Amino acid sequence: MSNEMKALSKLHARQGIWMTQAPVPEIGPDDVLIKINKTGICGTDIHIWNWDEWAAGTVPVPMITGHEFAGEIVEVGRNVTDLSIGQRCSGEGHLIGKTSRQSRAGKFHLDPATRGIGVNEQGAFAQFLKLPAFNVVLLPDDISDDIGAILDPLGNAVHTALSFDLIGEDVLVTGAGPIGIMAAAVARHAGARHVVITDVNADRLALASQVADVVPVNVAQDDLKQTIADLGMKQGFDVGLEMSGNQQALDQMVDAMTMGGRIAMLGIPPGKSPVDWSRIVFKAITIKGVYGREIFETWYKMIAMLQNGLDVTKVITHRFSANDYEAGFAAMKSGKSGKVVLDWASL
C-alpha cells in the first residue's frame, strides 16, 4: 500500500475545498485504519466550503474534511481484539473524552470534550481514515455502502424523531432537507398517525413524498391550518421535529402544537433569534435540543429499523466519483438535491 492517498482538504482560509495528496494516517494501538468506499456530503461540509463565520472560527487549516462514510477495515491496532481486517463498517464521527461526568455515566453524546472528524480532526473525505476502534460501527451485509455512508445524518434524524413517543401521534416536521425527510420517514415507521412536513422548497417537498408516506405542505403557498383540518385533527400536533433552523418555522410549529405538545429541535438558527416564550409557557410545551446521535443506542436503533423495513434509499439523489467532488458540492448547494454520495473505491 502506498503511503500517500487522495484527500479533499481545506487548504486555504477562503471559499473552496481542494483535492490533494496526503499521507496515509498512521494508527495507534487503539485505532483502526479504514479504506473509504463511499462518503456523504453534509451541510457542515458546505459551511466549510463556503468558509462562513462558523467555519472560520472552528476549523483549523489545513484539514481533511468529511465525516459521513462507509468502508472496510484494512489495519487494526495491537490493542484491538474485537475487530478484524476485511470487516465493513461506518463509524461515529464524534471523538469523545473518557473523563467527564457525562462519559463516566455512559452518556457519551453529551461529553463536553467531544471533537469531530472532518472538523477538529482529520476526516473521511480521503482514501483512508484513522478512527478509534471504540467509534467503529460494523455494517450488516444487508446494508449497502451507500446507506452506510449516510448513517451519520440518518442517526441525527433517528435521535430527533425518537426523542418522544410517536405511536399514534400526529407529527409536524419543519424543514424538508435530507435529515428532515429521513426524520419524517422514521416517525412513520415508528407508528405516528399523521406526519406533515413543511418547507418552501418545492423540490425538497416532492422528494419527501417519494421517500416516505408523509403530507408535504409548501407554507409559502398553502395554509397549514387547512391541512390540520383536512386531516381531521382536533387540537394540533402532538410532536414537532424542528429541522430547518428557521425562526418562522419554529414560530409556526409552536402555533400548530396541541396543549402539552413536545418539540425536538435539531435545526440551528443563525445567531440569536427572538422567541415569544409566553406562547410556549401557556401551551406547556416541552422543548428538547438535539445534538448528534446517542452513542451508541441511536446506531443500534437505526440499523435495526433499516433491517426491519425502514427505506430511505431515495433520499440519495446524486452519486459522483470523488474526483468529481465539485459537481457533488454544486448539487448540494443547488437546493435541488437530497443526499449526495461520493465514490472513493474506484480511485
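Start at 1 with the first residue, then count along the sequence. Remember, it's a predicted structure, so these values are computed and weren't measured experimentally.
- Remark: the backbone N or O of Asp52 is not paired with any side-chain donor or acceptor of Asn50 at under 3.5 angstrom.
- No more than 12 heavy atoms of other residues, nucleotides or ligands sit less than 6.0 Å from atom CD1 of Ile268.
- A donor-acceptor pair is defined here as one N or O able to donate and one able to accept, closer than 3.5 Å; no such pair exists between the side chain of Asp145 and the backbone of Lys38.
- Of the options Thr65, Leu11, Ile64, Ile46, a side chain to side chain contact (heavy atoms under 4.5 Å, CB included) to Ile17 is made by Thr65 and by none of the others.
- Defined by atom type and a distance below 3.5 Å, a donor-acceptor pair is present between the side-chain atoms of Gln247 and Asp251.
- Residues Ile197 and Leu310 are members of one and the same hydrophobic cluster, defined by side-chain heavy-atom contacts under 4.5 angstrom among Ile, Leu, Val, Met, Phe, Trp and Tyr.
- Side-chain N or O atoms of Lys10 include one that pairs as donor or acceptor with a backbone N or O of Trp49 at under 3.5 Å.
- Linking ILVMFWY residues whenever their side-chain heavy atoms come closer than 4.5 Å, directly or via other members, places Leu138 and Leu131 in the same cluster.
- Placement of Leu162 and Leu306 within a single hydrophobic cluster is found when ILVMFWY residues are connected by side-chain heavy-atom separations under 4.5 Å, directly or transitively.
- Annotation: Gln15, atom CD; neighbour count of heavy atoms from other residues, nucleotides and ligands within 6.0 Å is above 12.
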- Message: Under the criterion ring-ring contact (aromatic ring centres under 6.0 Å, His included), I'd like the reasoning laid out for Trp51 against His12: C-alpha separation, chi angles, the key distance, then a yes or no.
- Response: CA-CA 10 Å; Trp51 204 239; His12 311 288; over 10 Å; no
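- Across all non-hydrogen atoms, the minimal contact from Asp152 to Trp299 is N-CH2, 4.3 Å.
- Under the 3.5 Å distance criterion, the side-chain polar atoms of Gln102 are left unmatched by any main-chain donor or acceptor of Lys107.
- With sequence neighbours excluded, the residues satisfying ring-ring contact (aromatic ring centres under 6.0 Å, His included) with Tyr291 are His94.
- Inspection of the Asp111 and Ser100 side chains reveals an N or O donor paired with an N or O acceptor under 3.5 Å.
- Test Asn37, Thr313, Val341 against Asp146 for side chain to side chain contact (heavy atoms under 4.5 Å, CB included) and you get one pass: Val341.
- In this view, His109 and His159 satisfy the ring-ring contact (aromatic ring centres under 6.0 Å, His included) rule, not counting sequence neighbours.
- Around the NZ atom of Lys314, the shell of radius 6.0 Å holds no more than 12 heavy atoms that belong to other residues, nucleotides or ligands.
- When every heavy atom of Phe134 is checked against every heavy atom of Ile96, the shortest pair comes out as CE2-CD1, 3.8 Å.
- Across Ile36 and Trp344, no two heavy atoms sit closer than the pair O-CB, 3.4 Å.
- The two atoms that bring Ser209 and Pro216 nearest to each other are OG-CG, 3.2 Å, heavy atoms only.
- A donor-acceptor distance shorter than 3.5 angstrom exists from the side chain of Asp45 to the backbone of Cys42, with no hydrogens or angles considered.
- Apart from Val275 itself, the hydrophobic cluster it occupies contains Leu172, Val196, Val200, Val215, Val217, Val219, Leu224, Ile228, Leu231, Met233, Phe237, Leu250, Met253, Val254, Met257, Ile263, Met265, Trp277, Ile280, Ile285, Ile287, where clustering links Ile, Leu, Val, Met, Phe, Trp and Tyr at side-chain heavy-atom distances under 4.5 Å.
- Here the closest heavy-atom approach between residue Ser334 and residue Ala331 is recorded as OG-O, 2.7 Å.
- Residue pairs meeting the salt bridge (charged side-chain N to carboxylate O under 4.0 Å, His left out) criterion with at least one partner in residues 338-347, sequence neighbours excluded, are Glu68-Lys339.
- The backbone N or O of Gly97 lies less than 3.5 Å from a partner atom in the side chain of Ser103, making a donor-acceptor pair.
- Within 6.0 Å of atom CD in Glu26, 12 or fewer heavy atoms from other residues, nucleotides or ligands are found, so the atom counts as exposed in its surroundings.
- Both Ile41 and Leu129 are members of a single hydrophobic cluster when ILVMFWY side chains are connected at heavy-atom separations under 4.5 Å.
- When atom types are taken as modelled, the side chain of Asn246 and the backbone of Ala249 share a donor-acceptor pair closer than 3.5 angstrom.
- Here the rule is salt bridge (Lys or Arg N to Asp or Glu O under 4.0 Å) with Glu169, and of Arg262, Arg188, Arg193 only Arg262 fits it.
- In this structure, Lys301 forms no cation-pi arrangement with Phe296, as its terminal cationic atom is not both closer than 6.0 Å to the ring centre and no more than 45° off the ring axis.
- At distances below 3.5 Å, not a single donor-acceptor pair connects side-chain atoms of Arg115 with backbone N or O atoms of Leu95.
- Grouping Ile, Leu, Val, Met, Phe, Trp and Tyr by side-chain contacts under 4.5 Å, direct or through others, leaves Phe282 on its own.
- A donor-acceptor pair under 3.5 Å is formed between the side chain of Thr317 and the backbone N or O of Gly338.
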- Can you check side chain to side chain contact (heavy atoms under 4.5 Å, CB included) on Leu207 and Asp203, steps first, answer last? CA-CA 6 Å; Leu207 179 61; Asp203 294 308; over 6 Å; no
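- Between the side chains of Lys336 and Asn201, no donor-acceptor pair of N or O atoms lies under 3.5 Å.
- Annotation: side-chain contact (heavy atoms from CB on, under 4.5 Å) contacts of Pro29 (sequence neighbours excluded): Arg78, Asn79.
- Taking the centre of each ring, Phe329 and Phe320 stay at or above the 6.0 Å mark.
- Judged by distance alone, the side chain of Glu297 and the main-chain N or O of Glu294 form no donor-acceptor pair under 3.5 Å.
- When every heavy atom of Arg88 is checked against every heavy atom of Ile143, the shortest pair comes out as NH2-O, 2.7 Å.
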